[in-house]
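Please read the structure below before turning to the comments.
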Amino acid sequence: MGKLPPDHIRVRTIASGISRGTEGLVFAGAVPETEWQRMRAPMQAGDFPFPVKYGYQSVGQVTAGPPEWLGQRVFVLHPHQTLFDAPIDTATLLPDSLPPKRAVLCGNLQTALTAVWDAQPAPGDHIAVVGGGVVGLLTAWLCAQIPATSAELVDINDARAQIARDLGLSFAKPENARRNNDLVIHASAHEAGLATALELAGDEASVVEMSWYRAKPVTVPLGGAFHSRRLKLLASQVGRIPAARRARWDFARRNRTVVSLLDDDRLDALLEEPIGFDDLPEALPRIFEENSGILCQVVDYGGA
């Protein structure tokens, strides 16, 4: 590698995490051309549709840079790579007590925390989260920690029931889910899930949409009682700090908060058994298979 700029660090990767939803779209060449710029990863190399080096959940150890950074473990929004340089202001310091494998959840937890800010749950609320992927599970887990709330994960996959219980959540399939919720968050990335979310909302409640549908048209049941029930459909997206917090929060503060939230052993339930970096080319088609059931696939680099 070339000479390290003074405001950069060099990082040897220990682990990274595959974000199945977004990275699966990139892998399949399914990112619509209208979104090529907005969908760029922070340190992406190449341009859509391909060839492109993508990913944004890397944990490593600093091997070069300012003395105070040497040996430190950091999280960086960097693609899957064994060794990389990154600007210092893009790195989040990690405590020694946080296992590197769990630290790869930083990116997903940023998304979940932003959704909770957008949703504005309150103590005592009945909350449904539709869609038990990593982001949906993390969002429901955050909501469940608000005093007196009752957070229910709703998913068609029975395998999510035990993971929900591990995180302190109740679980239901759509047909058995609680109705009349104060707040519903949708994270299944399927229009049927959005229809379920609207159905589970109580009168004048908010439904927060976290899913991204690429350029695909989505049928939303906005007829019937949608207007008479005065439901609210809101968007949430991790790329911006919500307006109500923007004057006081920046990405660095959000990142530090996410790191502190990861101090919970229960979150290891979201992590798949690590696979080696060299095994990725063969493993990726299986990982991105829609019905694989994989949550956060950890990639191991043989580091500390």
Side-chain angles (χ1 to χ4, degrees), residues 11-31 35 39-46 48-60 73-84 86 90 92 94 98-113 131-139 141 155 157 159-160 163 187-189 210-212 214 238-239 255 258-259 262 267-303:
V11 180
R12 186 171 299 281
T13 311
I14 300 171
S16 63
I18 293 176
S19 183
R20 283 188 62 243
T22 304
E23 293 188 51
L25 296 176
V26 175
F27 180 80
V31 178
E35 302 304 308
M39 278 287 292
R40 288 188 67 87
M43 281 173 260
Q44 173 180 319
F48 294 122
F50 200 81
V52 61
K53 182 166 60 179
Y54 202 81
Y56 46 85
Q57 301 194 112
S58 290
V59 174
R73 286 181 177 176
V74 293
F75 174 84
V76 184
L77 294 170
H78 195 282
H80 311 283
Q81 187 170 317
T82 57
L83 186 70
F84 62 85
T90 66
T92 301
L94 302 175
L98 179 61
K101 288 193 302 181
R102 194 189 308 153
V104 304
L105 291 170
C106 280
N108 292 136
L109 193 48
Q110 290 171 18
T111 303
L113 178 59
V134 173
V135 170
L137 284 161
L138 287 171
T139 304
W141 170 74
D155 200 286
N157 185 353
R160 296 293 186 254
I163 297 172
S188 82
M210 299 183 70
S211 302
W212 184 60
R214 301 168 281 164
V238 69
N255 293 349
V258 162
V259 168
L262 287 172
L267 296 177
D268 291 342
L270 303 179
L271 304 175
E272 302 291 341
E273 192 65 26
I275 61 172
F277 175 73
D278 291 340
D279 297 327
L280 274 182
E282 182 179 351
L284 283 176
R286 171 182 58 83
I287 293 169
F288 292 139
E289 217 292 309
E290 184 175 359
N291 298 317
S292 70
I294 289 172
L295 287 170
C296 180
Q297 179 61 65
V298 179
V299 182
D300 178 69
Y301 293 74

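The chain is numbered in sequence order, starting from 1.
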Looking at every non-hydrogen atom in both residues, tell me the closest pair between [X] and [Y] and how far apart they are.
| X | Y | result |
| --- | --- | --- |
| Leu270 | Leu137 | CD2-CD1, 3.4 Å |
| Cys296 | Val104 | SG-CG2, 3.9 Å |
| Pro100 | Ala15 | O-CB, 4.3 Å |
| Tyr301 | Phe277 | CE2-CD1, 3.3 Å |
| Pro274 | Asp300 | CB-CB, 3.9 Å |
| Arg20 | Ile287 | NE-O, 2.7 Å |

Any side-chain heavy atom of [X] within less than 4.5 Å of one from [Y]?
| X | Y | value |
| --- | --- | --- |
| Val74 | Thr92 | no |
| Val258 | Leu113 | yes |
| Val76 | Tyr56 | no |
| Trp212 | Thr22 | no |

Looking only at atom types and distance, does a side-chain atom of [X] sit under 3.5 Å from a main-chain N or O of [Y], one as donor and one as acceptor?
| X | Y | result |
| --- | --- | --- |
| Arg12 | Leu83 | no |
| Ser292 | Ile294 | yes |
| Gln57 | Asn108 | yes |

Ignoring hydrogens and geometry beyond distance, is a side-chain donor-acceptor pair present between Lys53 and Gln44 at under 3.5 Å?
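Lys53 vs Gln44: no donor-acceptor pair found between side chains.
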
Calculate, to the nearest 0.5 Å, the distance between atoms [atom1] and [atom2] belonging to [X] and [Y] respectively.
| X | Y | atom1 | atom2 | answer |
| --- | --- | --- | --- | --- |
| Arg102 | Asp268 | CZ | CG | 4.0 Å |
| Leu25 | Glu35 | CG | CD | 11.5 Å |
| Ile14 | Arg73 | CD1 | CZ | 4.5 Å |
| Ser58 | Met43 | OG | CE | 8.5 Å |
| Thr13 | His78 | OG1 | NE2 | 7.5 Å |
| Gln297 | Ser16 | CD | OG | 9.5 Å |

Does Arg40 have more than 12 heavy atoms from other residues, nucleotides or ligands lying within 6.0 Å of its CZ?
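Counting neighbours around CZ of Arg40, more than 12 heavy atoms of other residues, nucleotides or ligands fall under 6.0 Å, so yes.
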
Per the side chain to side chain contact (heavy atoms under 4.5 Å, CB included) rule, which among Leu138, Val259, Asn255, Val238 passes with Leu109?
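Going through Leu138, Val259, Asn255, Val238 one by one, the side chain to side chain contact (heavy atoms under 4.5 Å, CB included) with Leu109 is satisfied by Leu138 alone.
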
Are the aromatic rings of Phe48 and Tyr54 close, with centres under 6.0 Å apart?
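Ring centres of Tyr54 and Phe48 closer than 6.0 Å.
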
